[in-house]
Amino acid sequence: METPASFILVGIPGLQSSHLWLAISLSTMYIIALLGNTLIVTAIWMNFTLHKPMYCFLCVLAAVDMGMASSVVPKMVTIFCSGDSSISFNACFTQMFFVHLATAIETGLLLAMAFDRYVAICKPLHYESILRPQVMLGMSVTIAIRAIIAITPLSWMVSHLPFCGSNVVLHSYCEHLALARLACADPMPSSLYSLIGSSIMVGSDVAFIAAFYFLILRAVFGLSSKNAQLKALSTCGSHMGVMALYYLPGMASIYVAWLGQDVVPLHTQVLLSDLYLIIPATLNPIIYSMRTKRLLEGIWSYLKPFLFHHSNLGS
C-alpha cells in the first residue's frame, strides 16, 4: 500500500479568513519567545552567581520551549501567510516526534523544579549536598530518557499506519490524532496509548508536584517571620504560574480532542492546541524574570553593558 509523499496542513479549519491575523499574532509571540528565552539562557550561562540548580533547570526549560516553538511556529506562519501547506511524510512525523518529546521533557522539568524548591525551603541546610551537579545531571538524563521511551512507541505506531486515502490534515501542525484519523486502519491503539500514557505521566508528575508544594506551604506557614514567608511564596509563585500555563491548556487540548469531538468546534480544538505550544514559551520568561529578583538582576547585568555602550555611541 503506497504511502503519501507529503501531507497538506490546512491551518485552522473554518478560520481561513483570519489566517493573516493569526500569522501576525503567532509571529509576534514567537519573536518574544525567542528573545525572552535566549536572554534567560544567556544570562544564566554568563552569570556565575546563577549557576544554581533552580536556574540550571530553568535554562533547560527555556531551551526546550524554544525548540518546541521552533518545530511548529515557522511552518504555521508559512501556512497562514503564503498557503504553502505541504509537508513531506518524514518531516511531518519528525515534527510530531519532537513536539511530543518536548512536552514530555517539560513535565519532567517542572517536577524537578518543584523538588528543587522543596529541598531549598524544607531542607535548606542540605541543599548543596542533595542537589549536587552529579544528581542534577542524573535527573536531567532520566527526564530525557523517560520522554524518549514514552514517545517513541507512539511515533512508531502512527508512522506505520497505512495511509491510502486523503492526505489533508485538519490541523496546522502534525498532531498525532489528526494524522491517525487519516489512516485506513483503526487508529484506536495509538490514540489510546497517547491518552493513557499522557494521563499517567502527567498525572503522576502533578501528584508529586502537589505533594512537594503541600510540604513547602506547610513549612512556609510555619515560619515566624512574615518577610520570610513572603519571600518563600514569591520564589514559588513564578513556578506555580508556569505550571498552570503548561498543565491546564495542555491537558485541556488532549481531552477536548479526545472527548469533545462532537461538542467543541474543530477550529477551537486546533486553536487551543496551537496556543498551548506557543503561549507558555512566550510567557515563561516574563513570569520568571518579573517574579525572580536574582534572575532579573542577572538579565539586567548582562544587558546593561550593551545598552549603555550603544547609548554612548549614539551620543
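When a residue number appears, it is its place in the shown sequence, counting from 1.
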Between A178 and L182, the two heavy atoms sitting closest are O-CG, 3.7 Å
* Asked: Would you call L22 and L271 a side-chain contact if the rule is heavy atoms closer than 4.5 Å?
  -> yes
Q) Checking S70 side chain against G67 main chain: does a donor-acceptor pair fall under 3.5 Å? A) no
Report task. For S71 and M68, indicate whether the former's side chain and the latter's backbone hold a donor-acceptor pair under 3.5 Å. Result -> yes
Shortest non-hydrogen pair, A69 vs P74, comes out as O-CD, 3.7 Å
Would you please test Q95 and E175 for side-chain contact (heavy atoms from CB on, under 4.5 Å) and show each step? CA-CA 9 Å; Q95 184 191 64; E175 195 269 339; over 6 Å; no
Is the shortest heavy-atom distance from the side chain of L9 to the side chain of C174 under 4.5 Å? yes
CG (L61) and CZ (F57) are apart, to the nearest 0.5 Å, by 11.0 Å
I105 and A144 have their tightest heavy-atom pair at CG1-CA, 4.5 Å
Q.
Using a 3.5 Å distance criterion without hydrogens, assess whether the side chain of N37 forms a donor-acceptor pair with backbone atoms of A281.
A. yes
Would you say the side-chain atoms of N167 pair up with the backbone N or O of S6, donor to acceptor, closer than 3.5 Å?
yes
Output, in order, the C-alpha distance, side-chain angles, deciding distance and verdict of side chain to side chain donor-acceptor pair (under 3.5 Å) for S273 and Y173. CA-CA 9 Å; S273 182; Y173 70 92; 2.7 Å; yes
Item to check | F93/F97 aromatic ring centres below 6.0 Å | outcome: no
- Query: Mind checking whether L109 and V135 sit in one hydrophobic cluster, side chains of I, L, V, M, F, W, Y counted as touching below 4.5 Å?
  - Reply: yes
Contacts of R132 meeting salt bridge (charged side-chain N to carboxylate O under 4.0 Å, His left out) (sequence neighbours excluded), chain-then-number -> none
* Asked: Honestly curious: do L20 and F80 fall in one hydrophobic cluster under the side-chain, below-4.5 Å linking rule?
  -> no
With a 4.5 Å limit on heavy-atom distance, are the side chains of H171 and M76 in contact?
no
Flag side-chain contact, heavy atom, 4.5 Å: F98 against T94:
yes
Could you check whether any side-chain N or O of T282 sits under 3.5 Å from a backbone N or O of M29, counting only pairs where one atom can act as donor and the other as acceptor? yes
I216 and A114 have their tightest heavy-atom pair at CD1-O, 4.2 Å
Open item on the list: Does any part of the side chain of Y30, heavy atoms only, come nearer than 4.5 Å to the side chain of V77, both counted from C-beta?
Closed with: no
- Quick one: are D116 and L131 in side-chain contact, heavy atoms under 4.5 Å? yes
Interatomic distance, OG1@T142 vs CG@L137, rounded to 0.5 Å, equals 9.0 Å
Beyond-backbone contact of M157 with L161, side-chain heavy atoms, under 4.5 angstrom: no
Do we see a donor-acceptor contact under 3.5 Å between the side chains of H176 and S194? yes
Path from I143 to M201 over hydrophobic side-chain contacts below 4.5 Å: no
Tightest non-hydrogen contact, residues R146 and A104, listed as NH2-O, 3.9 Å
Minimal heavy-atom distance between V168 and V10, with the atoms involved, is CG1-CG1, 3.2 Å
*Just by distance, do the side chain of K75 and the backbone of S172 share a donor-acceptor pair under 3.5 Å?*
no
Q: Evaluate the side-chain proximity of S85 to F7: yes if any heavy-atom separation is below 4.5 Å, no if none is.
A: no
d(L39 CG, I44 CD1) to nearest 0.5 Å is 10.0 Å
Separation between CD1 (I32) and OG (S27), nearest 0.5 Å, reads 11.0 Å
OG of S155 to CD1 of I148, rounded to nearest 0.5 Å, is 11.0 Å
### Message
Quick check: is F214 connected to Y118 through a chain of hydrophobic side chains (ILVMFWY, heavy atoms under 4.5 Å apart)?
### Response
yes
**Message:** Please tell me whether I40 and I286 are part of a single hydrophobic cluster in this structure, the criterion being side-chain heavy atoms less than 4.5 Å apart.
**Reply:** yes
Output for pair (L110 CG, I209 CD1), nearest 0.5 Å, gives 5.5 Å
